[in-house]
Amino acid sequence: MVAEAEKLITEMDERGLEIDEFTQSALTRMYIDAGMLEESWSWFWRFHLAGHMSSECYSANIDAYGERGFILEAERVFVSCQEEKKCTVLEFNVMIKAYGVVKDYAKAQKIFDSMKSNGVVPDKCSYSSLIQILTGADMPAMALAYLKKMQSAGLVSDCIPYSVVISSFSKLGHLEMADKLYREMVKHGVQPDIIVYGVLINAFADAGSVKEAINYVNAMKRDGLSGNTVIYNSLIKLYTKVGYLKEAHEAYKMLEQTDDGPAIYSSNCMIDLYSERSMVKEAEEIFESLKKKGEANEFTFAMMLCMYKKIGRIQEAICVARQMKEQGLLSDLLSFNNMISLYAMDGRFKEAVSIFQEMMKAAVQPDECTYKSLGVVLLKCGVSKQAVSKLEVTAKKDAQSGLQAWVSVLSSVVGMNVNEEDF
DNA sequence: CTAGGGTTAG
């Protein structure tokens, strides 16, 4: 509402009311957001020339530009502040943030490194910002160098900066570095919290390292921390990956005792484990309770469908497929493929083709599996093996024209209605 | 209006 704001400013001028630095910062932000960069700049300049700007006001203006990626303007405010010799740690910190916004990691480091020669001591925020920026750019080794300096400067008061770097190493799969850093953190007397344990447990869970993950769970408990849903989800993921049913079930029971109960994700992991072992009753029990709670999602249904299909209970598989479609839980390539394959093997060719049409409507690109199932349909309808192989080759060569070739054959053989809009 | 961490599969 620029016009309204300007009206107020005029009124203030007329009444001789002073526009203070807070109003000025607000105006800078307003004009930047309105795309009126020149106006924003003239308000800044007016106050800069008046000479009574505070450090807070310079940094507010730098941040106003920097946050939105106007790095040149942010730099110009910073330089005018330097010319007034008023730069404090605040201006440097917002500049570090600004370089982070435009992903100029080298300049973020450079301005941090220049603080000392400008007689400004980096504070907790300077280090945290830079570490955050570097890890966000997947440069944990760089971040670690600054974390070490931060530690030596006595500025680490909680485990968050460690947690950020540990998380970054973990994401890149450098688990030995993550573990080493955890140990260094403890050695420095920094207390780990539930989140950093969550990062580590999840990292080793993804790697399928049971022993290491359990070591962290034990360390966590020794520190007087109890597991939460995030921790148990990671553990269930791990046990699902390595196929430890009993342990997964134990973690699942722990989740059931929490206030919000097991997340859909963990319940699906359990269904995954049960269906792998064809433990139908157990899988069904979770499936029914999820449906009752209205939490069952595409994964849930797809895994149940696969389980029934695998053990030859085709009627039940088809029942699940129909529920999936009715509830609009059909969006993923794998779901489409499972369903088409189910209908194809049961001789329900029209239904198989109709799911294929749904797939095109949803703009999901078919893959080899899709065409394998559709090939079965064609073969059972009397199309020759050579013709089917030829279609498969066409699809591999060029997805778009291949798709059209399949549609044209399927429509003439199975009688699907070709809808041009589906392309 | 100087900064900040974790879980999502078939």
Side-chain angles (χ1 to χ4, degrees), chain A residues 21-22 24-26 28-30 32 55-67 74 88-98 100-101 108 112 122-136 143 147 150 155-168 170-171 178 192-203 205-206 216 227-238 240-241 251 255 262-273 275-276 283 297-307 309-310 332-339:
Chain A
E21 58 182 43
F22 298 103
Q24 182 272 318
S25 305
T28 308
R29 278 180 195 270
M30 176 188 75
I32 296 173
S55 183
E56 284 79 10
C57 196
Y58 278 111
S59 58
N61 280 278
I62 293 171
D63 196 49
Y65 288 113
E67 235 179 20
T88 69
V89 69
L90 276 172
E91 284 77 9
F92 280 93
N93 289 354
V94 285
M95 277 311 294
I96 294 170
K97 173 179 165 185
V101 168
F112 179 99
D123 65 4
K124 238 177 105 165
C125 187
S126 325
Y127 282 101
S128 289
S129 302
L130 186 60
I131 290 169
Q132 187 70 32
I133 287 166
L134 294 173
T135 54
L147 175 58
M150 185 183 186
L155 290 170
V156 176
S157 55
D158 57 41
C159 71
I160 293 178
Y162 278 97
S163 168
V164 173
V165 182
I166 288 174
S167 165
S168 180
S170 302
K171 257 179 216 147
D193 66 7
I194 193 68
I195 293 184
V196 75
Y197 278 119
V199 170
L200 287 159
I201 291 167
N202 189 61
D206 277 335
Y216 281 116
N228 60 19
T229 54
V230 174
I231 304 280
Y232 289 120
N233 279 340
S234 291
L235 286 176
I236 289 178
K237 175 172 69 178
L238 169 61
T240 304
K241 193 191 283 274
L255 276 175
I264 176 68
Y265 169 73
S266 307
S267 300
N268 286 345
C269 283
M270 292 309 295
I271 292 181
D272 187 11
L273 276 169
S275 78
E276 230 171 65
N297 63 15
E298 186 165 347
F299 287 99
T300 322
F301 281 97
M303 283 188 292
M304 293 302 290
L305 185 155
C306 281
M307 182 184 72
K309 192 172 128 200
K310 187 181 73 180
D332 195 87
L333 172 64
L334 236 94
S335 307
F336 281 112
N337 284 352
N338 286 330
M339 217 179 269

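Below, chains carry the letters A, B, ... as their sequence lines are ordered, and counting in each starts from 1. Keep in mind that this is a model prediction, so the values were computed, not measured.
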**Request:** Would you mind reading off the distance between A:I160 atom CD1 and B:dG6 atom P, rounded to a whole angstrom?
**Result:** 11 Å

**Message:** Would you say the ring centers of A:Y265 and A:F299 fall short of 6.0 Å from each other?
**Reply:**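 Ring-ring flag for A:Y265/A:F299: false, centres at least 6.0 Å apart.
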
**Complete:** Regarding the side chain of A:I195, the nearest nucleotide among B:dC1, B:dG6, B:dG10 is B:dG6

**Request:** Please report, rounded to the nearest Å, how far the C1' atom of B:dA9 is from the CE atom of A:M303.
**Result:**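 Distance check: A:M303 CE to B:dA9 C1' gives 7 Å.
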
**Asked** Are the side chains of A:S128 and A:I160 in touch, meaning some heavy atoms are under 4.5 Å apart?
**Response** no

**Prompt:** Which part of the nucleic acid does A:S335 contact within heavy-atom distance under 4.0 Å: base, sugar-phosphate only, or nothing?
**Reply:**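 Base contact.
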
**Asked** Do we see A:F299 stacking on the base of B:dA9, given a limit of 5.5 Å between centres and 30° between planes?
**Response** yes

**Asked** Rounded to whole angstrom units, what separation is found between the CG atom of A:L155 and the C1' atom of B:dG4?
**Response**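 My rounded result for the distance is 14 Å.
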
**Message:** Any N or O donor-acceptor pair under 3.5 Å from the base of B:dA3 to the side chain of A:S128?
**Reply:**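 Yes.
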
**Request:** Look at the side chain of A:N268 against the base of B:dA9 and say whether a donor-acceptor pair falls under 3.5 Å; ignore hydrogens and angles.
**Result:**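 Looking at the base of B:dA9, it does pair with a donor or acceptor on the side chain of A:N268 (distance under 3.5 Å).
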
**Prompt:** How far, in whole Å, is B:dC1 from B:dG5 if one measures between their P atoms?
**Reply:** 15 Å

**Message:** Students often get this wrong, so: under 4.0 angstrom with heavy atoms, is A:V196 touching a base, only sugar-phosphate, or nothing?
**Reply:** base

**Message:** Assess the residue pair A:N268 and A:D272 against the criterion (side-chain contact (heavy atoms from CB on, under 4.5 Å)); give the C-alpha distance rounded to whole Å, side-chain angles, the decisive distance to 0.1 Å, and a yes or no.
**Reply:** CA-CA 6 Å; A:N268 286 345; A:D272 187 11; over 6 Å; no

**Asked** So among A:I231, A:N228, A:N233, which one has a side-chain contact (heavy atoms from CB on, under 4.5 Å) with A:L255?
**Response** A:N233

**Request:** When you get a sec, tell me which of B:dT7, B:dG5, B:dG4 is the closest nucleotide to the side chain of A:D193?
**Result:**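 It is B:dG5.
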
**Request:** Return the value, rounded to whole Å, for the distance between atom NZ of A:K171 and atom P of B:dG5.
**Result:**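 About 9 Å, once rounded to whole Å.
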
**Prompt:** To the side chain of A:D123, which of B:dT2, B:dG6, B:dA3 is closest?
**Reply:**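 Of the options given, the side chain of A:D123 lies nearest B:dT2.
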
**Request:** Starting from P on B:dG4, measure out to CD1 on A:I133 and report it in whole angstrom.
**Result:** 9 Å

**Prompt:** In whole angstroms, how far is the P atom of B:dG5 from the OH atom of A:Y216?
**Reply:**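 Rounded to the whole Å, the gap is 21 Å.
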
**Request:** Just call it for A:N337: base, sugar-phosphate, or nothing, with non-hydrogen atoms closer than 4.0 Å on any strand.
**Result:**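 No contact at all - A:N337 keeps every heavy atom at 4.0 Å or more from the nucleic acid.
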
**Item:** Among B:dG10, B:dG6, B:dT8, the nucleotide that comes nearest once only the side chain of A:D272 is considered
**Value:**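 Of the options given, the side chain of A:D272 lies nearest B:dG10.
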
**Message:** Counting the atoms with a prime plus P, OP1 and OP2 as sugar-phosphate, which does A:I194 contact under 4.0 Å by heavy atoms, base, sugar-phosphate, or nothing?
**Reply:**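 Since a base atom lies under 4.0 Å of A:I194, the category is base.
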
**Prompt:** For A:L147 and B:dA3, what is the distance between atoms CG and P respectively, to the nearest whole Å?
**Reply:** 19 Å

**Item:** Side chain to side chain, A:L90 and A:V94, heavy atoms closer than 4.5 Å
**Value:** no

**Request:** Kindly say if A:K237 contacts the phosphate of B:dT8, meaning a side-chain N or O under 4.0 Å from OP1 or OP2.
**Result:**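 Yes, such a contact exists.
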
**Asked** For A:Q132 and B:dG6, what is the distance between atoms CD and C1' respectively, to the nearest whole Å?
**Response**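 Those two atoms, CD and C1', are 13 Å apart.
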
**Prompt:** B:dA3 phosphate, OP1 or OP2: any side-chain N/O from A:K97 under 4.0 angstrom?
**Reply:**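 Yes, because at least one side-chain N or O of A:K97 sits under 4.0 Å from OP1 or OP2 of B:dA3.
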
**Message:** Is the shortest side-chain heavy-atom distance between A:K124 and A:V156 below 4.5 Å?
**Reply:**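 No; the side chains remain at least 4.5 Å from each other.
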
**Prompt:** With sugar-phosphate meaning primed atoms plus P, OP1 and OP2, does A:N61 contact a base, only sugar-phosphate, or nothing at under 4.0 Å between heavy atoms?
**Reply:** nothing

**Asked** Hey, is the side chain of A:S163 pairing donor to acceptor with the base of B:dG6 inside 3.5 Å?
**Response** no

**Request:** Tell me what A:C269 touches on the nucleic acid: a base, only sugar-phosphate, or nothing, going by heavy atoms under 4.0 Å.
**Result:** nothing

